[in-house]
Number of protein chains: 2
Amino acid sequence: MYTIGIDLGGTNIVAAVVDENYKIIEKAKTPTAMPRKPEEIFDDIAKVSKEAVEKSGITMSDISSIGLGTPGTVNNGIIEYANNLGFDHIPASDMLKERLGDIPVYIENDANCAALGEAYAGCGNGSKNFIAVTLGTGVGSGIIIDGKIVSGINHAGGECGHMVIVVDGKPCTCGRRGCWEAYASATALINQTKEAMEKHPDSIMHELAKEEGAVTGRTAFDAMRRKDAVGVQVVDAYIKYVAAGVTNLVNAFQPEILCIGGGICNEGETLLRPLRRYVEAERYSIYSDVQTEIVKAELGNDAGIIGAAILYTAQ
Amino acid sequence: MYTIGIDLGGTNIVAAVVDENYKIIEKAKTPTAMPRKPEEIFDDIAKVSKEAVEKSGITMSDISSIGLGTPGTVNNGIIEYANNLGFDHIPASDMLKERLGDIPVYIENDANCAALGEAYAGCGNGSKNFIAVTLGTGVGSGIIIDGKIVSGINHAGGECGHMVIVVDGKPCTCGRRGCWEAYASATALINQTKEAMEKHPDSIMHELAKEEGAVTGRTAFDAMRRKDAVGVQVVDAYIKYVAAGVTNLVNAFQPEILCIGGGICNEGETLLRPLRRYVEAERYSIYSDVQTEIVKAELGNDAGIIGAAILYTAQ
């Protein structure tokens, strides 16, 4: 049997047929083209789903379930609120069944889908106790315990990017001050880089940013690789912030594996080696023989689609 | 059927017979009398267990399982490390069975037992998604998800007192800086009170501390009740720190109920009302209809014993 995984994003709608070994057979894609009515978006979700099925050389009768990953809060098949899609209490499960037939439908927050995908089919290698952290525009996270997604009574849980690590610290987009996201996101790293550049007009980072056309999440890392002292400082301070939140998660959950994804994870061991050192020095479980492994996410954008496709396994 | 719950503390060993409705029938108690050999401690655990059974008017054949709550890290019936008992890899499950017969034995960290007790038999009223926070000498926590204790792969999880809320902040007993415990424990409140008293020799807190014989966790609260401006400031700042950690937990777990126990919880609504206000203003789940309830722990010292006695339900 096969399942369909759908990634409903602010930019694109992607559907994929996934087999029992959690492998993608075929994909289909269309722009989300916001702003649009929910009905039109769901028409397109159905269209790309059917397209992916057709490209896979199977029929809808071979599909045993459909999973949809969406931004926002999902409760019992209803997308309660998704800001960047303009959704407010959209009966997504019913809308999918109307268009694709009476097949079991599972709907989940997209970050949670990505965590499930990585846990079962990516770097987690089937791990049942797993946390995925995404260092991107914000800091996303998804928590898997006993093979199930942790989202709490209102399905709004797993928001560890909005864990305060500096009381009364930098303002966060969520309204709190001092959230992990305000220190450990790619956006935060770019701000930290710009602040350091202002203070150090002689840093090589000015040159690198000019070449690149902008200050990016790579600027400080690139400067560090060229032995720029300010670059080294920015990267070290940034990784320390990442480690503060990661250690908090380790102390609370002691997962088997914690993976780091998002743009910044492309730095690979340059990021992970010092991160592991900080966490090792600071975690509470110093007497345990078994410790959380900190690894790089493997599936990239496919994590969310595969995770959506295999939501049936995590019920 | 009945079960036995045992609370192995640094000061006392308490055993209780608990019925199917999670109610304590009878208790027996003996001093832990540290330092002693583990064998002697387990002899006494067996002795008080049998005593509690006898006082309950039943026999060991009426006991369907035994649960033991202990400080430290427990892994598969072995107490891996418990600093204040001097335990290092003690085969507690086997030692209990040798002394009490071949009855199913469950062993867990004491804070986790207390959380389970409150969740099932106390303020949680059977809640399956529950967090217990204890504001005492330190900040303890126990997390219940889907009716089970969350302790991770190495059974050292649930240590949310050692979540950093102020990067590079006040030193914590665990070696990190800026842990929640260093700001929100009763010990931290006493320190915050003393610091404020030093700065404000005119505060009524000097008088209150003299009457009381020492600065305690109540001093600032009592001063606030007498309209002392410095007392008001200390209490408000303290509750804000408590709220920072509570909000972090709510954002990560969105539990049904989060309860506050420990000495400070005796302040009741004086603590809880402003705490709820801070959490409400700061939590991430602003669009959800369902929100975490923040309540006072109900069972006091019995929480750990009842939790140990009902570990069989949480497997």
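Note that the structure is a prediction, hence the values are computed from the model and not measured. So you know, we letter chains A, B, ... as the sequences are listed, proteins then strands, and number each from 1.
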Region of [X] that comes under 4.5 Å of a non-hydrogen atom in chain B:
X: A/Asp168; value: side chain
X: A/Tyr183; value: neither
X: A/Ile143; value: side chain

Under 3.5 Å: donor-acceptor pair, side chain of A/Thr187, backbone of A/Thr137: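 Yes; at least one donor-acceptor contact below 3.5 Å.
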Backbone N/O of B/Gly169 and side chain of B/Arg177: donor-acceptor pair under 3.5 Å: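 The answer is yes, because a donor-acceptor pair under 3.5 Å joins these two groups.
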Exercise: do A/Ser288 and B/Glu80 side chains pair donor with acceptor under 3.5 Å: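 Side-chain D/A pair, A/Ser288 to B/Glu80: absent.
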A/Phe253 ring center within less than 6.0 Å of B/Phe253 ring center: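 Close enough - the centres of the two rings lie under 6.0 Å apart.
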Residue-level contacts of residues 111-122 of chain B with chain A, using a heavy-atom cutoff under 4.5 Å: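 Counting heavy atoms that sit under 4.5 Å from chain A, no residue of residues 111-122 of chain B is involved.
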Residues in side chain to side chain contact (heavy atoms under 4.5 Å, CB included) contact with B/Tyr81, at least two apart in sequence or another chain: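 Residues passing side chain to side chain contact (heavy atoms under 4.5 Å, CB included) with B/Tyr81: A/Tyr287, B/Asn83.
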Return the minimal non-hydrogen interatomic distance between [X] and [Y], and the atom names on each side.
X: B/Trp180; Y: B/Gly245; value: CE2-CA, 3.4 Å
X: A/Val167; Y: B/Ala244; value: CG2-CB, 3.9 Å
X: B/Pro255; Y: B/Val250; value: CD-CA, 4.2 Å
X: A/Ala196; Y: A/Val230; value: CB-CG1, 3.8 Å
X: B/Ala220; Y: B/Thr193; value: CB-OG1, 3.8 Å

For B/Arg176, side-chain hydrogen bond (donor to acceptor under 3.5 Å, both in side chains) partners two or more places apart: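 With sequence neighbours excluded, B/Arg176 shows a side-chain hydrogen bond (donor to acceptor under 3.5 Å, both in side chains) to A/Asn248, A/Glu282, given in chain and number order.
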Contact winner vs chain B - A/Thr247, A/Asn129, A/Asn75, heavy-atom pairs under 4.5 Å: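 Most heavy-atom pairs within the cutoff with chain B belong to A/Thr247.
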Worked check of side chain to side chain contact (heavy atoms under 4.5 Å, CB included) between B/Val139 and B/Tyr241: CA-CA 12 Å; B/Val139 173; B/Tyr241 285 126; over 6 Å; no
Residues in residues 146-164 of chain A that sit under 4.5 Å from chain B, counting heavy atoms only: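 Listed by number: A/Asp146, A/Lys148, A/Val150, A/Ser151, A/Gly152, A/Ile153, A/Asn154, A/Ala156, A/Gly157, A/Gly158, A/Glu159, A/Cys160, A/His162, A/Met163, A/Val164.
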Option in B/Val290, B/Asp289, B/Thr292 with maximal non-hydrogen atom pairs under 4.5 Å from chain A: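 If we count pairs closer than 4.5 Å to chain A, B/Val290 comes out on top.
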